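Proteins come first, then strands; the chains are lettered A, B, ... in the order of their sequence lines, and each starts at number 1. Just so you know, these numbers come straight off a predicted model, no measurement behind them.
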Protein chains: 2
Amino acid sequence: MGVREGGPAGSEWAVHLMAGLRVRTQDSVKAGGLSRIQEKNRTLILEAALGEFSRKGFSGATVERIAAEAGMSKSNLLYYFASKEAIYNATLAYILEVWLAPLKTLNPAGEPAQELAAYIRQKIEMSAQFPEASRLFANEVMQGAPQILPILQSDLKRLVDEKCRVIEDWISAGKMRRVDPVHLIFTIWATTQHYADFSVQIRALTGTDLGDEEFLRQTEFSVTSLILNGIGIVWPQESGQSR
Amino acid sequence: MGVREGGPAGSEWAVHLMAGLRVRTQDSVKAGGLSRIQEKNRTLILEAALGEFSRKGFSGATVERIAAEAGMSKSNLLYYFASKEAIYNATLAYILEVWLAPLKTLNPAGEPAQELAAYIRQKIEMSAQFPEASRLFANEVMQGAPQILPILQSDLKRLVDEKCRVIEDWISAGKMRRVDPVHLIFTIWATTQHYADFSVQIRALTGTDLGDEEFLRQTEFSVTSLILNGIGIVWPQESGQSR
DNA sequence: GTGGGATTTGACCAAATGGTCAAGATGCAA
DNA sequence: TTGCATCTTGACCATTTGGTCAAATCCCAC
């Protein structure tokens with residue numbers, strides 16, 4: 001259950017995409033891949049599962065509903081995945097890499113203003129485009145991360161440690177105010193994901209959410225300027241001169 | 001289901017504390033309250049339910065476990081609350097007021113630096129002391145707020161609108177940078193609640209969480225300084241002179 | 001102490017649901 | 001076309017779980 005060791009971050013998560021997959025037929029093993037039908041159904045299932053799990057949580061989701069949304073019988077779904085938990089794990093793996101990817105693009109050689117602004121923008125755009133992924137992830141972690149705790153402790157920790165060092169270097173170089181890097185990262189995660197996870201509340205209070213282009217831009221600007229100003233970077237970039 | 005109208009904010013939520021309560025005996029009705037035993041058991045149940053619902057979510061929670069944790073039989077629990085949903089609603093009501101209370105203390109007559117710092121501190125302290133309440137609330141909203149949507153749309157919206165006006169007045173008075181008040185509030189909610197809701201992830205990445213006094217202070221400082229600097233308030237308060 | 005309402009519980013029920021299985025349908029290579 | 005592996009499904013099963021009910025016990029005002 002869960003990958004504890006890993007080579008270059010990311011690559012081992014792909015392994016999860018196969019984990020829990022029941023079908024490994026002669027042909028597919030021979031070819032080292034999945035048949036056309038397998039590929040299609042696997043995607044249909046994961047897509048449906050993402051919706052169901054993110055809407056209802058693991059316990060609230062039913063295999064029956066996932067199967068229905070994927071357009072097949074429950075039995076057939078269970079032909080592809082050994083159990084509900086297997087579907088769940090595969091769904092997590094399905095979204096985890098793309099969900100955590102943006103952080104990897106933080107470029108040590110770049111300027112903190114550009115880099116962090118880009119990171120925040122990416123995160124908000126992800127919240128807008130994949131709110132289900134955000135909610136699934138939030139759900140999993142809130143329940144105590146029963147499935148992905150090992151990944152958080154190994155791969156994610158490694159990644160965060162690395163990026164914290166990048167931020168510290170920026171601080172040492174006098175390019176931004178002295179802040180605790182890990183709290184900065186948490187703040188970025190919290191604010192950006194909040195708009196996806198709590199979209200119902202956002203809608204109740206503002207009348208719209210990130211699905212609206214106008215509100216998306218507005219949120220992007222507000223969050224970015226608040227955080228960048230918070231770490232002592234002039235924002236919006238009025239002139240090229242910062243510090 | 002759910003109170004749509006309300007007098008002075010807060011008072012009407014108390015009504016929920018009775019909602020779903022099955023027992024309304026002759027004596028208690030006469031006295032307008034609950035008997036000693038009722039009072040005790042009701043509290044035991046709600047306390048147990050808070051733990052169970054926050055840990056497992058609504059669907060994952062079982063009445064049996066709540067009853068066990070409350071030290072009584074399932075039948076007896078169902079003597080006090082008509083259904084699982086009734087327990088859930090009562091639990092939400094049980095925490096909702098205290099959870100949302102801090103925002104009410106934002107004093108229009110005060111200085112934004114003091115007022116917002118105090119608000120952020122309160123919210124973080126709440127996350128530290130009542131992480132279960134935070135998670136229960138987060139869970140409910142993430143599932144689409146099936147139970148409390150009306151409250152969000154009426155009472156909470158009224159409160160947020162009012163406080164947004166306060167912040168706008170501060171901006172007009174030149175006491176803080178021009179920011180969208182509602183996004184500022186969302187940012188404060190997101191960051192502070194994140195430490196409770198994602199504590200498992202926090203622990204995986206930092207080794208501690210808000211349960212640790214040292215980390216609590218550190219978080220308080222980081223979040224407060226980031227946000228206050230973000231809205232153009234000098235922080236930490238080096239001299240009495242701001243602006 | 002006693003009578004009647006309040007409290008408590010075990011036995012029980014029905015629905016929901018994850019999962020199995022054998023049989024049939026389909027796709028495809030020779 | 002044919003044979004075999006893949007794919008698909010309905011019938012079925014066991015367990016979990018929310019909720020009911022009648023009976024037993026407790027509590028307390030009189």
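When heavy atoms are screened at a 4.0 angstrom cut-off, B/Ala61 is found touching the sugar-phosphate backbone but no base atom. Residue-level contact check: B/Arg65 touches neither bases nor backbone, having no heavy atom under 4.0 Å from any strand.
Straight-line distance from the CG atom of B/Leu78 to the P atom of C/dC12: 18 Å, rounded to whole Å. Rounded to a whole Å, the CG atom of B/Asn76 is 13 Å from the P atom of D/dC26. Rounding to whole angstrom units, NZ of residue A/Lys74 and P of D/dT8 are separated by 17 Å. Per the geometry, CD belonging to A/Glu39 stands 17 Å off P belonging to D/dT6, to the nearest Å. Rounding to whole angstrom units, CD of residue B/Glu64 and P of C/dA11 are separated by 13 Å. Atom C1' of nucleotide D/dT17 and atom CZ of B/Phe81 are separated by 19 Å, given to the nearest angstrom. Atom C1' of nucleotide C/dT17 and atom CD of A/Glu85 are separated by 16 Å, given to the nearest angstrom. Atoms OH (A/Tyr80) and P (C/dG18) sit 20 Å apart, rounded to a whole Å.
In this pair, B/Phe58 and B/Tyr88 present their aromatic rings perpendicular. The plane angle is above 60°, beyond the 30 to 60° band. The aromatic rings of B/Phe137 and A/Phe198 are tilted relative to each other, their planes meeting at an angle between 30° and 60°.
The base of D/dG18 does not come close enough to the side chain of B/Ser83 for any donor and acceptor atom to sit less than 3.5 Å apart.
Using modelled atom types, one finds a donor on one side chain and an acceptor on the other under 3.5 Å when comparing A/Ser134 with A/Asp197. Judged purely by distance below 3.5 Å, without hydrogens or angles, the side chains of B/Gln193 and B/Lys123 pair a donor atom with an acceptor atom.
Across B/Arg135 and A/Met142, no two heavy atoms sit closer than the pair CD-O, 3.8 Å.
For D/dT8, the OP1/OP2 oxygens have a side-chain nitrogen or oxygen of A/Asn41 closer than 4.0 Å. For the pair B/Ser73 and C/dT9, the criterion of a side-chain N or O lying under 4.0 Å from OP1 or OP2 is met. For B/Gln38 and C/dA6, the shortest distance from a side-chain N or O to OP1 or OP2 is not below 4.0 Å. Put simply, A/Tyr79 has no side-chain N or O that comes within less than 4.0 Å of OP1 or OP2 on D/dT8.
Comparing B/Thr62 and B/Arg36 by the nucleotide of DNA chain D whose heavy atom lies nearest to each, the residue mapping closer to the 5' end is B/Thr62.
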